[in-house]
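None of these values were measured; they are calculated from a predicted model.
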Amino acid sequence: MTTIYFIRHGQASFGAESYDQLSPQGESQAKVLGQYLQQILKEEPYIVSGSMQRHQQTAKISLQEFFPNALIHTNSAWNEFNHQQVFAKYDEKFSQPQVLKEIVTQQEDPYEYLGDLFNQAIERWVKNDHAEDYDETWLQFKYRVEHALEQLCNELAEKKPRYAIVYTSGGVISVLAGKVLELSVKNTFSLTWSIANASLTTLRLVDHQPRLLSLNEHHYLKAKDPQLLTWI
């Protein structure tokens, strides 16, 4: 049986002109993640990464800690949906990432405010009433991720590695968990807001079918330094 570790990237650069870049905090998270993987993996895993910069950076930094010469198979099917576009189509003023950050940081509870805003923006996206506004609709994203999982499971069933690692994003991991647990769309996206940076979600292949072993493991970050635990 193969155990698959789905890893959310380290903290990216919220509010910057380009979100798709690890922050210094994200780099530290990736390093600690790699140190933890070095403890629990007994042989080199089969490694897949989305093509986004934050995925690739998290993979390379963490791999330096346990299998620095491991081959990374890049597959854009594991990329996140365009969350900046989802925010911008909900309210055009959020088309400027720095504006969103300024508004959020001015709130009494920035995290709660951003969570509420995220839920409202996602609700507009998933309803599919404005599908023409988006480069990728919710249904297209869902199909892409579920198809990527199916292809990965078939590939791993043939190769039979003991471990596999996929470096990806919170929205992708939520869709995977939602599929395995048969969650509603609302409950699927409630997971997105809970999945910590550089956390692990684990599936195991049983008769070629994925079974959920764990969701959103982040104890190794908190044990190292509680300040390493972030969600944005």
So, does D20 use its side chain to make a donor-acceptor pair with the main chain of M52 at under 3.5 Å? no
side-chain contact (heavy atoms from CB on, under 4.5 Å) assessment of L114 paired with W231: CA-CA 11 Å; L114 186 58; W231 288 267; over 6 Å; no
Will you find, in the side chains of Y46 and T2, an N or O donor that is under 3.5 Å from an N or O acceptor? no
Under a 3.5 Å distance rule, please check whether Q120 uses its side chain to pair with a backbone N or O of D116 as donor and acceptor. yes
Counting N and O atoms only, with roles assigned by atom type, does the side chain of E146 sit under 3.5 Å from a partner on the main chain of K179, one being a donor and the other an acceptor? no
Taking everything shown except E43 itself, do over 12 heavy atoms lie less than 6.0 Å from its CD? yes
Ion pair present between R54 and E80, side-chain N to carboxylate O less than 4.0 angstrom? no
Testing L176, V166, T201, L213 for side-chain contact (heavy atoms from CB on, under 4.5 Å) with I4, which one passes? V166
Donor on one side chain, acceptor on other, Y134 and Q140, under 3.5 Å: no
Taking the side chain from Q29 and the backbone from Q11, do they hold a donor-acceptor pair closer than 3.5 Å? yes
Hydrophobic cluster identity match, L149 and I173, side-chain contacts under 4.5 Å: yes
CG of N69 to CD of Q64, rounded to nearest 0.5 Å, is 8.0 Å
Hey, is CD on E132 packed in by over 12 heavy atoms from elsewhere, all under 6.0 Å? yes
Rounded distance (nearest 0.5 Å) linking atom CD of Q57 with atom CD of E27: 6.5 Å
Flag side-chain contact, heavy atom, 4.5 Å: N119 against F189: no
Consider side chain to side chain donor-acceptor pair (under 3.5 Å). Of D133, D91, D129, which one does R124 pass it with? D133
I232 and V104, any side-chain heavy atoms less than 4.5 Å apart: no
Side chains of S214 and L200, heavy atoms from C-beta outward: is any pair under 4.5 Å? no
Quick one: does R144's side chain get under 4.5 Å of N79's, heavy atoms only? yes
Minimum side-chain heavy-atom gap L221-Y36 below 4.5 Å: no
When rounded to the nearest 0.5 angstrom, what distance separates CZ in R211 from CZ in R204? 12.0 Å
Between S51 and S76, does a side chain to side chain donor-acceptor pair (under 3.5 Å) hold up when you go through it step by step? CA-CA 5 Å; S51 63; S76 61; 4.8 Å; no
Can any side-chain N or O of Q107 pair as donor or acceptor with the backbone N or O of I103 at less than 3.5 Å? yes
Judged by atom type as modelled, is there a donor-acceptor pair below 3.5 Å linking the side chain of W78 to the main-chain atoms of S49? no
State, with a plain yes or no, whether a side-chain heavy atom of F81 is found less than 4.5 Å away from one of I122. yes
Any side-chain heavy atom of L63 sitting closer than 4.5 Å to one from I165? no
Quick one: OG1 on T58 to CD on Q56, what's the gap to the nearest 0.5 Å? 9.5 Å
Backbone of T168 reached by a side-chain donor or acceptor of H9 within 3.5 Å: no
Work out which heavy atom in G178 is nearest to a heavy atom in T188; give both atom names and the distance. CA-OG1, 3.7 Å
Nearest heavy-atom pair of H55 and G50: which atoms, and what distance? ND1-CA, 3.4 Å
Let me confirm one number: the CD-OG1 distance from E217 to T202, rounded to the nearest 0.5 Å. 4.5 Å
As a quick check of understanding, evaluate side-chain contact (heavy atoms from CB on, under 4.5 Å) for D225 and V32, giving each step before the final call. CA-CA 10 Å; D225 181 354; V32 173; over 6 Å; no
Heavy-atom donor-acceptor pair, N216 side chain to S194 backbone, under 3.5 Å: yes
State, with a plain yes or no, whether a side-chain heavy atom of N197 is found less than 4.5 Å away from one of Q25. no
Considering all heavy atoms, the nearest G34-F66 contact: O-CD2, 3.6 Å
Salt bridge check: are K127 and E123 linked by an N-O gap of less than 4.0 Å? yes
Residue pair A59 / I72: nearest heavy atoms and the distance that separates them: CB-CD1, 3.9 Å
Which is it for L37 and E65 under the side-chain contact (heavy atoms from CB on, under 4.5 Å) test, yes or no, and what are the steps along the way? CA-CA 8 Å; L37 292 173; E65 301 299 318; over 6 Å; no
Using a cut-off of 6.0 Å, state whether more than 12 heavy atoms not belonging to D109 lie near its atom CG. yes
Supply the atom-to-atom distance T192 OG1 to R8 CZ, rounded to the nearest 0.5 angstrom. 9.0 Å
Report yes or no: does K89 contribute a side-chain atom to a donor-acceptor pair with the main-chain N or O of V86 at less than 3.5 Å? no
Heavy-atom count check: over 12 atoms from other residues, nucleotides or ligands less than 6.0 Å from Y143 OH? no
Minimum-distance pair of heavy atoms, taken over all atoms of I195 and S199: CG2-OG, 3.4 Å
Exercise: identify the closest heavy-atom pair between P45 and L41: CG-CD1, 4.0 Å
Could you tell me how the ring of Y5 sits relative to the ring of Y163: parallel (under 30°), tilted (30 to 60°) or perpendicular (over 60°)? tilted
Determine, stepwise, if the pair H218 / L229 fulfils side-chain contact (heavy atoms from CB on, under 4.5 Å). CA-CA 8 Å; H218 51 261; L229 193 54; 3.5 Å; yes
Would V145 end up clustered with L203 when hydrophobic side chains under 4.5 Å apart are linked, directly or stepwise? yes
Are the aromatic ring centres of F118 and W125 under 6.0 angstrom apart? no
Linking I/L/V/M/F/W/Y whenever their side-chain heavy atoms sit closer than 4.5 Å, directly or via other members, would L33 and L22 fall into one cluster? no
